[in-house]
Structures are given as structure tokens and as C-alpha cells.
Amino acid sequence: MNRLVPILIAAALLALLPSCAYRLDTAYNDLLVGTPSDKAPLPRGNQVQVTYLGTNAYLIRSADTTIVVDPYFSRIDMRSVVFNADVSPSPAIITEVSRKAKLGRHVDGYLVTHSHFDHLFDVPPMQRMYGGKVISSPTGAYLAEAAGVSRRQLLPSKPGKIYRIGAAKIRVLPAWHDKVLGRIPYPGTIDTPLTSEPDKPKDFRLGIPLAYLVELNGKRIYLESGGIPGHVPCVTDVDLAIVGVAVPGSQTRYPDAVRALNPKYVLPSHQDNFFIPIEDGFQFSTLSNFPRILATHKAEDLPGELILMDYFRSWMVE
Ligand SMILES: [Zn+2]
């Protein structure tokens with residue numbers, strides 16, 4: 001029972017959401033970048049485009065390369081998470097999100113920052129629908145294989161690895177998972193092939209968290225989903241830094257992470273309530289604190305222009 005207590009507290013906190021939810025376009029219009037993805041022109045020449053797809057999911061593409069980060073569109077409701085209910089991805093929702101994002105028919109690769117359900121859940125069905133290599137921790141690879149991804153398409157990885165995905169060079173970097181209410185959720189690794197498909201939220205064990213540097217058409221994009229104080233990214237001078245700030249610990253770490261990355265633009269990520277359907281749009285989660293991020297960025301005169309992206313917005317990296 002003790003193990004359930006933090007989850008139930010988190011559930012109670014998140015249940016307060018409607019009272020403090022507000023949308024990006026009314027509160028922070030001046031920080032928003034991008035245009036609606038279904039109307040945005042596709043990248044041409046050397047352009048690199050980023051489309052935000054909720055939670056920590058991004059579509060990064062150039063004229064000839066398509067990369068998907070942490071796709072999670074078949075949202076699992078809070079009740080199913082708390083009670084560890086049977087869950088399964090929705091191909092219909094994935095298809096609708098892909099249509100709105102103008103994804104096309106083919107994906108070159110998926111980057112998975114860690115294998116919790118809110119990062120890995122939709123990777124296997126998407127890979128089967130659109131193809132592409134899956135870069136993840138070994139835990140993520142075992143989960144994806146059990147969910148039907150061919151072993152040939154899996155690239156179980158660790159920090160230090162370098163891959164070519166389409167025209168992109170992908171560097172795998174170390175990362176550290178947020179603590180939620182003092183503890184890391186669903187910890188542990190999976191070290192042998194699974195005998196059954198993951199079908200409950202708790203099946204999606206953390207594995208080794210990873211961050212990535214994507215170098216594409218001369219742009220350097222750093223991606224992660226969060227971190228803990230005392231550990232900062234090990235790359236610098238990036239064009240765009242996507243920095244996870246879901247919970248107080250990663251918010252405390254934010255200034256050190258941004259100083260280390262020295263980005264041209266910084267996009268705080270993983271701030272939304274991912275327990276509601278993606279079609280309901282962006283609402284800040286209860287544990288997020290964007291006013292704190294904004295105030296810190298200004299007060300500490302951090303490098304990089306702070307930007308925000310709403311769901312289904314596409315932005316050409318400048
Ligand atoms: Zn996680």
C-alpha cells in the first residue's frame with residue numbers, strides 16, 4: 001500500500017487541474033512561435049522545422065528527413081494510471097495526429113528519452129505504421145520489441161553512441177530522470193526479452209534516461225525530457241534547447257542547464273497535462289510552474305531567447 005501513496009497524492013494534485021489550468025495563447029502570446037501545422041509550409045532547402053505534438057513529443061524534419069521524439073498521443077487517463085489498468089495505444093488517434101502534423105507516409109527515426117508510457121507508448125504502433133529506426137535505451141528496445149517492433153528496426157543505445165538517421169547526425173547523451181514527489185516513478189531496467197506485450201502503465205519501466213543532440217542541415221537541436229539539480233547537459237552552443245521542466249526539481253535545475261547549453265533559443269518542455277486527450281489542447285499541469293521558469297530566465301539573464309510552442313504548431317528553426 002505504501003508504494004501507492006505518492007501516486008495517489010500525485011493523482012489528487014493533478015485532479016485539481018481545472019482550477020489552475022490556462023492556455024498558452026491567452027497567457028503567453030508574445031512567447032509563442034510557429035504556425036498551425038496543417039497550414040504550415042513543409043521545410044525546403046536547408047530549413048529545419050520543429051512541430052510540437054504535446055507532452056514531450058516533437059516532429060523534427062527537413063526536406064528529406066523526418067524524426068519523431070517521444071510520441072504520446074493515445075493518452076492514458078489518470079484513473080487508469082493510478083489503478084494500473086489495461087491500456088492500449090489508439091491507431092485512430094495516431095493517424096489523426098499524424099494527419100494534422102502533415103507527417104507524410106514515412107518516418108526515418110524515433111528518439112526515445114526514456115521508456116515511461118508518456119514517452120514510449122505510441123512508438124511501437126507508429127513504427128509499424130510509418131517505419132523508421134527506434135533509438136532508445138535497451139529497456140525501451142525490449143518493450144518496443146514486445147509490442148511488435150522488429151528487432152532489426154531497434155537501436156538499443158547508451159550515452160556516447162552516434163547514429164545517422166536520414167541526413168541527421170544523432171548523438172546520444174546522458175540524462176537523469178526527474179523525481180516526482182521525491183521519488184523516481186516506475187524505476188528499473190528490463191534486461192531480457194519480454195514474453196508478453198506491455199499493456200499496463202507500470203510495465204513501462206524507466207530504463208536508462210537519455211538526451212540527444214540532433215544535428216541537421218547545420219542546426220544543432222538538444223532534446224531531453226527533464227533532469228535533476230546537479231546534472232547539466234554535456235553539450236553547448238546549440239540552436240534550440242528543448243529542456244524538460246515538468247516538476248519542481250527540473251525547474252530548479254533549469255538555469256544551470258540553460259547556461260551549460262548556451263542556446264540561441266530555449267523551449268521549456270513537458271509542462272502540459274498529459275492525462276487529458278490531446279484534442280483538448282494545451283493546459284499546464286499542476287506540477288508545472290512556467291511563471292517560475294520565466295522569472296528565473298529574466299532574473300538570471302540566461303542565454304537564449306525563451307520561446308513556447310502550442311500543440312500542432314510548426315516553427316522553422318532560425
Ligand atoms: Zn518519465
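The model shown is predicted, which means the values in this text are computed figures rather than measured ones. Just so you know, ligand 1 is whichever comes first in the structure, and atom 1 is the first atom listed for that ligand.
- In Lys102, the NZ atom is crowded: over 12 heavy atoms of neighbouring residues, nucleotides or ligands sit closer than 6.0 Å.
- Taking the six-membered ring for Trp and thresholds of 30 and 60 degrees, His177 and His114 have ring planes more than 60 degrees apart, a perpendicular arrangement.
- The name of the N, O or S atom in His114 nearest to the Zn ion (ligand 1) is NE2.
- Classified by interplanar angle (parallel below 30°, tilted 30° to 60°, perpendicular above 60°), the ring pair Phe284/Phe282 is perpendicular.
- For NZ of Lys100, the number of neighbouring non-hydrogen atoms (other residues, nucleotides, ligands) closer than 6.0 Å is 12 at most.
- Per residue His116, closest N, O or S atom to the Zn ion (ligand 1): atom name ND1.
- Inclusion of His119 in the first shell of the Zn ion (ligand 1) is not supported: no N, O or S atom falls under 2.8 Å.
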